[in-house]
Amino acid sequence: MSFSAIKGQDRAIGSLKAYIENSSLEGGYLFTGPAGVGKKMAALALAKSLNCADAQADSCGHCASCLKINNNQHPDVHIVSNEEPQIKIDVIRQLQKDINLKAYEGVFKVFIIDNAHTLTAEASNSLLKILEEPPKKSLIILISDKPGLLFKTVISRCKILKFLPFKRDLLEDTLRKDYKLDKSLAHFLAYFSDGSLGRALKLMDEDIMAKRNNIIDKFVLAARPGADSLALSSRIETRAALNLLVAWFRDIYLLKIGTPEREVINSDRSLELAQGAKSLSFSDLDMIFAKMSSAISYLEKNVNTRLLMYNLGIELWKV
């Protein structure tokens, strides 16, 4: 992965290239922005550029150093990505030992801390000491989509680069050209994923369109909502179903206020949406949104998911 392969982040990538060209990289950096917009990819691309045998503003992608980083085998590039809920102090103590060693092969030692907002208080304080006096030719990159959970003292020791959500038309175009998706699927994913390429690809793998069609056909457009036919066996599946319902009725609301069809999420089912816009009043939609909001709230309180969807179906059927 090189800088040139990261799309939709021209400002952040431009800043990184300027740092490289001016030889002004040092200490700590914080990459913030929504999940799935290229923060970790940019961190790895930076590590490759700094250690590439053909060092320019971007990496070559085929030298021994680049290939080792691609395969997570480079001795001077470390990724802290804990599968546990928190990154504990032992991990940062090991980082402190590693960062003070001489580079084995590369020019820069690079430490990438993914989901840095999961650092414990003890780990954060330990990291702060490293950030205050980082060794030369070393770089610590914190990655977080929840920077508000980081210690302010840690943030104050880092240069901040903000990564933005994809613009929907750019994301749709990327999905069509780079991932060969058809127009309907690319449009739905681009508009439903909140500008996150990572989330769009995850939803694609989950066959989100089939799930969407199932809940709309059996729960919204059926003569009577059929909660039993949805086969939602977990809270995760129920939350996903509720998110799809919210998106559907949001589209209906947008069409009622005159939003162009192109701007709705479920544009491939525009006929059903148009019918909904005709048959439902604004007060109906307000009631539906209130009921779905309550359902989402109850989902967090460990209620029976089957009963929750059954009761929601009864309320929707009243409209």
For this session: Identify whether Val110 and Val154 are in the same connected component of the hydrophobic contact network (ILVMFWY, side-chain heavy atoms under 4.5 Å).
Result: no
In terms of heavy-atom contacts, His74 and Gly106 come closest through CE1-N, 4.0 Å
Q) With a 4.0 Å cut-off, would you call Glu206 and Lys202 a salt bridge? A) yes
- request: Following the transitive rule for hydrophobic clusters with a side-chain heavy-atom cut-off under 4.5 Å over Ile, Leu, Val, Met, Phe, Trp and Tyr, establish whether Ile99 and Tyr29 coincide in one cluster.
  value: no
Please answer whether the main-chain N or O of Asn266 pairs with a side-chain N or O of Asp251 as donor and acceptor at a distance below 3.5 Å. yes
Glu133, CD: over 12 other non-hydrogen atoms inside 6.0 angstrom: no
| Asp173/Arg176 salt bridge by N-O under 4.0 Å criterion | no
Discussion item. Starting from Phe163, can I reach Ile155 by hopping between I/L/V/M/F/W/Y residues whose side chains sit under 4.5 Å apart?
Written reply: no
Looking at Lys88 and Glu122, is there a salt bridge between them, counting it only when a charged N and a carboxylate O are closer than 4.0 Å? no
Looking only at heavy atoms, the pair that brings Ala200 and Leu189 closest together is O-CD2, 3.6 Å
- Decide side chain to side chain contact (heavy atoms under 4.5 Å, CB included) for Asp268 and Lys183; before the verdict, give the C-alpha distance in whole Å, the side-chain angles of both, and the deciding distance to 0.1 Å. CA-CA 9 Å; Asp268 61 308; Lys183 183 177 180 181; over 6 Å; no
Margin query: Quick one, Phe151 and Leu128 - any side-chain contact, counting heavy atoms below 4.5 Å?
Written below: no
Same hydrophobic cluster for Phe192 and Met209, using side-chain heavy-atom links shorter than 4.5 Å among ILVMFWY? yes
Q.
If the threshold is 4.0 Å, N to carboxylate O, is there a salt bridge linking Glu237 and Lys211?
A. no
**Message:** Other residues, nucleotides and ligands only: do more than 12 of their heavy atoms fall within 6.0 Å of CZ on Arg235?
**Reply:** yes
Looking at Arg269 and Asp217, is any side-chain nitrogen of the basic one under 4.0 Å from a carboxylate oxygen of the acidic one? yes
Between Ser144 and His117, the two heavy atoms sitting closest are OG-ND1, 2.8 Å
TODO: Describe, in one word, how the ring planes of Phe111 and His78 are oriented to each other, choosing from parallel (under 30°), tilted (30 to 60°) and perpendicular (over 60°).
DONE: parallel
Open item on the list: Check whether Phe166 forms a cation-pi arrangement with Lys7 (NZ or CZ under 6.0 Å from the six-membered ring centre, at most 45° off the ring normal).
Closed with: no
